[in-house]
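Quick notes on the structure that follows.
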Amino acid sequence: MNHDASAGFVPPPYPYDRLDSLVPIASAHDGGVVDLSIGTPCDPPPQSVLDALATSGSERSYPPSIGSVALREAAQRWMKRRFSVDIPAADIGATVGTKEFVVTLPQWMSLRTPSRDTVLYPAVSYPSYAMGAELARCRAVPVPSRPDGRLDLAAISPDDASRALLLWVNSPSNPTGDLDDLDAAADWGRTHGVPVFSDECYVEFTWSGRGRTILERGTAGVVAVHSLSKRSNLAGLRVGFYAGDPELVHYLQEIRKHVGMMVPGPAQAAGAAALDDDAHVEVQRERYHSRLVRMADVLGNWSGTPVTLPAGAFYLWIPTDDGWGFAERLAVDGGALVSPGEFYGDDGRPFVRVAVVQPDDRIELVERRLRAAGGLSTQSREVAHE
Ligand SMILES: Cc1ncc(COP(=O)(O)O)c(C=O)c1O
């Protein structure tokens, strides 16, 4: 925890700001830097969604914090189509994107159960799970993964389980792309009396089998969290939702009303339109999959080690002896910016994450540069370690 007794809380450097030193190196290339670090979409959302945004007529009045009926019913229809689960609109709440939900949740859960103080989360994961715990002055306790990429629930100590306010699961995972056993997570939570929150924001980009939600195991003690940022290229709009256990959802709906968490009305209208349309998601799936295949091939040739495709999400998670060194060599040779694995936890240190979130012509540019560099050269290695 960064709680300095004299200075108070000092926010840690924002992970992606730590890449600033690599930007001038990558930018030196003709055509500039190709940013494959932050997982921010670059492709257009559907026109029908933009039309809904512009024509909702909902600008004047305050929007409902829990989400409009139209948004929540669209979420209900989508979950029915996608997962064959029927969650009443009353058990769904809107989020201003899902990051704020992830980060503020421990505070609300801690108020609800003051005798507990622990947030369990995947050891290699999206940094906001741990940050939310820290900002709520809770213990952030990482749960390791098994070799198959699933959470090692048996590794959670009885003491940590008895102190846990919640367990986060994330499938498909950012950054690893691994798929978790959501049934096992739901069962573990019920057995130990720990609410399980399942971050499913990459579910539409599941490459191995069909996308799953934890709600398929029933809603008791579990909440699924979804976002339109990745599914519909709407990260700038800030719309997501949570759904599941009625008691948990109603508690959070009420708290979030008091906090003033409100998705702007026009954004809610656009979100409903996006959720009712699946065709654009099919197009987006194809884009990400072909970029993953292409980038895996390019990086495999350049590094001399085959790069495996993920089971889900749009990241390549590449083992390497030195994540920072790999990122620097890629900036030197390819003008590309990628994330050292330590951004996602200590266990991520021997990895690098490559987000395929640039248009095809930019990815092609990286390919041409790396081909011209002639592979992961001795010279670029030396530069990287200076
Ligand atoms: C695993 C995971 N959860 C949640 C989010 C938050 O997305 P948003 O706030 O745009 O809904 C992200 C964004 O990258 C993510 O990777």
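Whatever order the structure lists them in is the order used to number ligands and atoms, beginning at 1.
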Going through the distances and angles, do Arg212 and Asp183 end up as a side chain to side chain contact (heavy atoms under 4.5 Å, CB included)?
-> CA-CA 10 Å; Arg212 295 279 322 270; Asp183 293 343; 3.1 Å; yes

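Between Phe83 and Trp78, the ring center distance clears the sub-6.0 Å criterion.
Sorted by first then second residue, the salt bridge (charged side-chain N to carboxylate O under 4.0 Å, His left out) pairs that include residues 161-171, not counting sequence neighbours, are Asp117-Arg163, Asp159-Arg163. Residue pairs meeting the ring-ring contact (aromatic ring centres under 6.0 Å, His included) criterion with at least one member in residues 94-121, sequence neighbours excluded, are Phe101-Tyr242. Note on residues 7-20: pairs passing salt bridge (charged side-chain N to carboxylate O under 4.0 Å, His left out), not counting sequence neighbours, are Arg18-Glu342.
By the 4.0 Å N-to-carboxylate-O rule, Asp276 lies close enough to Arg77 to be salt-bridged with it.
The contact shell of ligand 1, taken as protein residues with any non-hydrogen atom closer than 4.0 angstrom, comprises Gly97, Thr98, Lys99, Tyr126, Tyr129, Asn170, Asn174, Asp199, Cys201, Tyr202, Ser227, Ser229, Lys230, Arg238.
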